[in-house]
Amino acid sequence: MTQSVGIKDVARAAGVSVGTVSNVINRPETVATETRARVLSAIDRLGYVRSESARQLRAGRSRIMGLLVLDMGNPFFVDVARGAERAAREAGLGVMVCNSAQSAGEEAEYLSLFAEQRVRGVLLTPTDATGRNLAAFRRHNIPFVLVDRVAEGTTECSVSVDDVAGGALAVRHLVDAGHRLIAYVSGPPGLNQVRDRRTGALNALREAGLGPDALRELPTERLDVAAGRDAGARLLGLAERPTAVFCANDLLALGVLQAMYAAGVNVPDDLAIVGYDDIEFAAAAAVPLTSVRQPAVTMGAMAAELLLEETGTRQGTTAPHEHRRVVLQPELVVRSSTLPGR
C-alpha cells in the first residue's frame with residue numbers, strides 16, 4: 001500500500017520549513033517567488049494533496065454543506081440539489097447530498113454523519129414525523145434550513161411551496177372539466193406535503209359544492225412509480241370508479257398511467273390524471289401529464305442562500321440574520337392527460 005505524501009515530505013523535498021509550505025498553500029503572496037516555485041514543483045512532483053479534514057479540525061468550520069432529501073430517485077429532488085449546489089459553489093462550498101429514502105432511521109444516521117463531519121450547515125427535507133431527529137440534531141448547534149417543508153413551531157428558516165394551493169389547483173381543474181368523483185393517490189400520510197395537498201383538494205371540492213366523499217383516497221407507502229402502479233390496480237378494482245385521479249407526485253402519476261395502459265383504460269377519455277412537481281418525465285410520458293409545477297431549482301437555491309447568510313459565508317453580508325419562512329407559489333401545467341378529445 002502506497003503511503004500518502006504529507007506536508008513534511010514536501011518541505012524536505014523543497015528544502016524549506018513546514019511553515020513555508022503552509023504559507024505557499026494558504027498565503028502564497030507572503031512567499032518569495034523563487035521559493036514558492038520550488039515548493040509548488042515539489043508538490044507537483046510528489047503528488048501532495050492537502051488534508052481537508054485536518055484543515056477543518058484546525059479551523060472548526062467545514063467547506064461542505066449537507067443536503068438530505070427524501071428520495072434522490074425523484075427528479076424533483078435532483079433539481080432541488082442542482083439549485084443548492086449552484087448557490088453553494090458560488091460561495092466556495094461543496095454539497096454532500098444524502099438520501100433518507102423516506103426512512104426516519106436513515107435520516108438520523110445521516111444527521112449524525114453531518115455532525116461528525118462538522119458541516120457548515122444542512123439543507124433538510126425531514127421524514128421523521130415525530131420531530132425527534134431534528135431535536136437531537138439541534139444539540140450540535142449546526143444551522144439548518146428546511147426545504148419543501150414549512151418550519152412550523154420552530155425558529156429555523158424554511159423554503160417551501162404552498163401545497164394547499166397546489167392541491168386546490170389540481171382538483172379545481174378536474175372539477176372544472178366536469179369530474180365529480182376523484183381519486184387521490186396520496187403517498188405516506190405522515191408527510192406534511194401529502195396532507196397539505198389533500199387539504200387543498202378538499203378545499204376545491206367544497207368550493208364546487210361537493211363534499212369530502214367526492215375524494216377517494218388511495219394511500220401508498222412510498223412516492224415512486226411502483227407504488228403508483230399498485231394504486232392504479234386498486235383504483236381499477238373499485239366498485240364505483242372515479243373518472244379522474246390526482247396524485248401526490250409525478251412518479252405516482254406515471255405509475256397510475258402505466259397501470260391504465262396495461263389494463264386498456266384510455267387516458268384521458270376514461271380516466272384523467274394530474275400529477276405534482278412537473279418533473280421532466282411528466283411532459284415526456286406516453287400521454288403527457290398535467291402537473292402542478294414546483295420551482296424546485298429556485299427552492300434549492302433560495303434555501304442554500306438562507307443557510308449561507310445564517311452561517312456568515314456569503315461575502316458582503318453585514319446585517320444580522322433573521323430566520324424566514326419563504327413560501328413559493330405553484331403553477332398548474334395542463335397537458336393531454338386531462339384534455340379528452342384532443
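The stretch residues 96-114 participates, sequence neighbours left out, in these side chain to side chain donor-acceptor pair (under 3.5 Å) pairs: Glu107-Asn133. The list of salt bridge (charged side-chain N to carboxylate O under 4.0 Å, His left out) pairs with a residue in residues 13-34, not counting sequence neighbours, is empty. Evaluation of the salt bridge (charged side-chain N to carboxylate O under 4.0 Å, His left out) test over residues 226-244, restricted to residues two or more places apart or in two chains, returns Arg216-Glu240, Asp230-Arg234. Judged as a salt bridge (charged side-chain N to carboxylate O under 4.0 Å, His left out), the pairs with a partner in residues 169-189 (not counting sequence neighbours) are, in order, Arg172-Glu207.
Among residues two or more places apart in sequence or in another chain, the side-chain hydrogen bond (donor to acceptor under 3.5 Å, both in side chains) test is passed with Asp277 by Gln294. Partners of Thr298 according to the side-chain hydrogen bond (donor to acceptor under 3.5 Å, both in side chains) rule, which considers only residues two or more places apart in sequence or in another chain, do not exist here. With sequence neighbours left out, Leu40 forms a side-chain contact (heavy atoms from CB on, under 4.5 Å) with Val24, Arg36, Ile43. Residues satisfying the ring pair (Phe, Tyr, Trp, His ring centres under 6.0 Å) criterion with Tyr276, sequence neighbours excluded, are absent altogether. Here Val69 pairs with Leu67, Met72, Phe77 under the side-chain contact (heavy atoms from CB on, under 4.5 Å) rule; sequence neighbours left out. The side-chain contact (heavy atoms from CB on, under 4.5 Å) test applied to Ala201 returns Val171, Leu215, Phe246, not counting sequence neighbours. Every residue was checked against the ring pair (Phe, Tyr, Trp, His ring centres under 6.0 Å) condition with Phe76, not counting sequence neighbours, and none meets it.
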Name the atoms and distances for all side-chain donor-acceptor pairs under 3.5 Å in residues 279-290, with sequence neighbours left out.
from, atom 1, to, atom 2, distance (Å)
Thr290, OG1, Arg335, N, 2.8
Thr290, OG1, Arg335, O, 3.0
Thr290, OG1, Thr338, OG1, 2.8

